[in-house]
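Let me begin by presenting the structure, written as C-alpha cells, before commenting on it.
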There are 2 protein chains.
Amino acid sequence: MNNPNRQMRKKQLTKTFLKNAFIDLILENNNVHSITISEITDRADFNRGTFYIHYQDKIDLLEELYQDAIEGIHQSIKKPYRNKAKVFLNGVIPSNKLLFEHIEKHKKLFKALDRIENNPDIYKRLELFLWNLFSKEIYIERETDAKETRYDIFLSFQVHATVGVIKYWIKKDFIFSTSIMSEQLTSFYSDKVIAMNFKNQNLD
Amino acid sequence: MNNPNRQMRKKQLTKTFLKNAFIDLILENNNVHSITISEITDRADFNRGTFYIHYQDKIDLLEELYQDAIEGIHQSIKKPYRNKAKVFLNGVIPSNKLLFEHIEKHKKLFKALDRIENNPDIYKRLELFLWNLFSKEIYIERETDAKETRYDIFLSFQVHATVGVIKYWIKKDFIFSTSIMSEQLTSFYSDKVIAMNFKNQNLD
DNA sequence: ATCACTTTGTTGAGTATTCAACATATTCAT
DNA sequence: ATGAATATGTTGAATACTCAACAAAGTGAT
C-alpha cells in the first residue's frame, strides 16, 4: 500500500528535527544570534546543506517557530467547535482547557520563544492573533450585552487578560497545573461570558 | 562541521524503524509468516521499496533481530571487562547485572523472539553463544579448580542454568526486577565462582 | 482446479539528503 | 586595522528514499 503523502511527511519530520534542535539550543544558549547553522544541523544530525533546502536562514526558521506557536494555539482554541457552531459554557470554557494543555505539551517551544527578548515578541503576536480571532472567527456572547457596552473594549480586556495569564504561567515555568490555569482564567470572566459562537461553520 | 559517519547512522536509523515495526507486529500478530512486507513498511512509514534496499526478505530481517539480541547480550556481558582483563566478584557478578538490565531495556525484542516457536529458537542460540563465549573469551575461575572437575561439564551447567533463568524471566513477562534476577542468578553459583578472566585484552 | 486477489521482488525516474569543495562574509584576537 | 579563523551560502556528484508500474508467485474462496 503506497502512501502519496509520505514524502511530505518525511520533509515535515526533517523540519521538526531542525526546529527541536534549534529550540534546545535557544534554551541552552539564551541568545539566538550566537547559534550557528552548523550547531543546529549538528544537533539534529543533518548535513548543513539540508538546512538550506528547508529554510533561507536562521530567521526564517525562527519565524516558523512563531507561526507554529500561534497556529497551535489557534487549533486548540478552535477544537471544541468541530461540528458545532456554538459552544455553551458550563464551568470551564472548553477552549481554555485545551489552550493550556496545548501550551504545556509544547512548553519547550513557548519557553524558548519567551526567552527571546528582541523584536519579535511572542506575546505581542499572541495578542494580535487573539484579537483577530475573537473579532473575526469567534464571537463571545455575554450576559450584559446591552447597548452601552462596546465589544471592542470588552475584547481589549479579554485578550490582554488572557495573554497576561499565559505570560505569567510561562515565566513561572508552568508551576501551576493546566486545570488550575483554565479554571482560574475562566472564573475571571465567567460571570459575563455565556457562550462562544464560531462564525465560519465550513471548517472542521 | 561535516560528519562522514552520518550516512551510515541514517541507514541504521531506517533499519531500526523497520525492525521496531516488525517487532510490534510480531507482538500483535503472534505469527511471523502472516506479516507482510507492506505491513512492516506501512507501520514504519517507509516505501515498500526501501525495505529491499536493506533486507533481502522477511527472514533476512528476522535474522538481524536474532543477531541484535545475541550481540546486545555479548556487549553487556563484556562491558565490565573494559580496561581490565580480570573481574573479581563481590556479591553480584557485574556481567549478570548488566545482562538483565540490557534484556529489560530491549524487552520488546526478546518478547517477540520468545513468541516465535519455530525453527530458529532464541534460547538455543543463546546457549550456543554463551558456551562459545565462556570457552573462548571469558574464563570462569572457581574455588574447586581441582583436577577432577571438568570445565566443559561445569560450562554445561553454567550455560543452561543462565539461559533457563533468562527464559523463565521472559516467559513470566519480566515480573521480577533486574536486581532480584542478577542477585538470584549470582547466588546460584557464587560459592564456586571466584573471578572471570577476559582472555583477549586487545578489545575495549 | 479455477479465478480473483494479494503479495512479492524488481525497475526507472524523481526527490531528499549527504558530502566535499569553493568563494564570501563575519568574528575575533592581536 | 590586519590577519587568522570561523560562518555562510552555493554548487555538483553520490547515495537513500519515494513512487508508480510491472511480471511472477502465492493465497483463498467457490
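From a predicted model like this one, the values you see are computed outputs, not experimental measurements. Lettering follows sequence order; numbering is per chain, from 1.
Following rounding to the nearest Å, B:R6 (CZ) and C:dA20 (C1') show an atom-to-atom distance of 13 Å. Regarding B:D57, its CG atom lies at a distance of 13 Å from the P atom of D:dG26, rounded to whole Å. Rounded to whole angstrom, the span from the CD1 atom of B:I37 across to the P atom of D:dT27 amounts to 13 Å. With rounding to whole Å, A:Y55 atom OH is found 15 Å from D:dG9 atom P. Atom C1' of nucleotide D:dG9 and atom CG of A:L61 are separated by 16 Å, given to the nearest angstrom. One can place CD of B:Q12 at 17 Å from C1' of C:dT17, the figure rounded to the nearest angstrom. Between A:D45 atom CG and C:dA16 atom P the separation is 19 Å, expressed in whole Å. A:F51 has its CZ atom 14 Å from the P atom of C:dT18, to the nearest Å.
For B:F174, the ring-ring contact (aromatic ring centres under 6.0 Å, His included) partners two or more places apart in sequence, or in a different chain, are B:W169. For B:F17, the ring-ring contact (aromatic ring centres under 6.0 Å, His included) test picks out no residue, with sequence neighbours left out. In terms of the salt bridge (charged side-chain N to carboxylate O under 4.0 Å, His left out) criterion, B:K172 has no residue partners (sequence neighbours excluded). With sequence neighbours left out, B:K58 forms a salt bridge (charged side-chain N to carboxylate O under 4.0 Å, His left out) with no residue at all.
Remark on DNA chain D: of its neighbouring residues B:I53 and A:G49, the 5'-side contact belongs to A:G49, judged by nearest-heavy-atom nucleotide.
If one axis is set at each end of the helix from C:dA1-D:dT30 to C:dT30-D:dA1 from five pairs, those axes are 50° apart, to 10°.
The shortest heavy-atom contact between B:D152 and B:W131 is O-CH2, 3.2 Å.
Set against C:dG9, C:dT17, D:dT8, the side chain of A:T14 has C:dT17 as its closest nucleotide. Proximity note for A:Y52 (side chain, C-beta onward) versus D:dT18, D:dA16, D:dT8: the nearest is D:dT8. Of the candidates D:dC17, C:dT18, D:dC19, the closest approach to any side-chain atom of B:Q7 belongs to C:dT18.
Put simply, A:T36 has no side-chain N or O that comes within less than 4.0 Å of OP1 or OP2 on D:dT6. For the pair A:K10 and C:dA16, the criterion of a side-chain N or O lying under 4.0 Å from OP1 or OP2 is not met. Between A:H54 and C:dT17 there is a side-chain N or O to OP1 or OP2 distance below 4.0 Å. Residue A:R48 has no polar side-chain atom (N or O) positioned under 4.0 Å from OP1 or OP2 of D:dT8. Put simply, B:T50 has no side-chain N or O that comes within less than 4.0 Å of OP1 or OP2 on D:dA16.
For the 3.5 Å distance criterion, the side chains of B:Y123 and B:D114 qualify, holding a donor opposite an acceptor.
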Show the atom names and distances, to 0.1 Å, of all donor-acceptor pairs under 3.5 Å that link a side chain in residues 99-106 of chain A to residues at least two apart or in another chain.
unit_1: A:E101; atom_1: OE2; unit_2: A:K97; atom_2: NZ; d: 2.8
unit_1: A:H106; atom_1: ND1; unit_2: A:H102; atom_2: O; d: 3.2

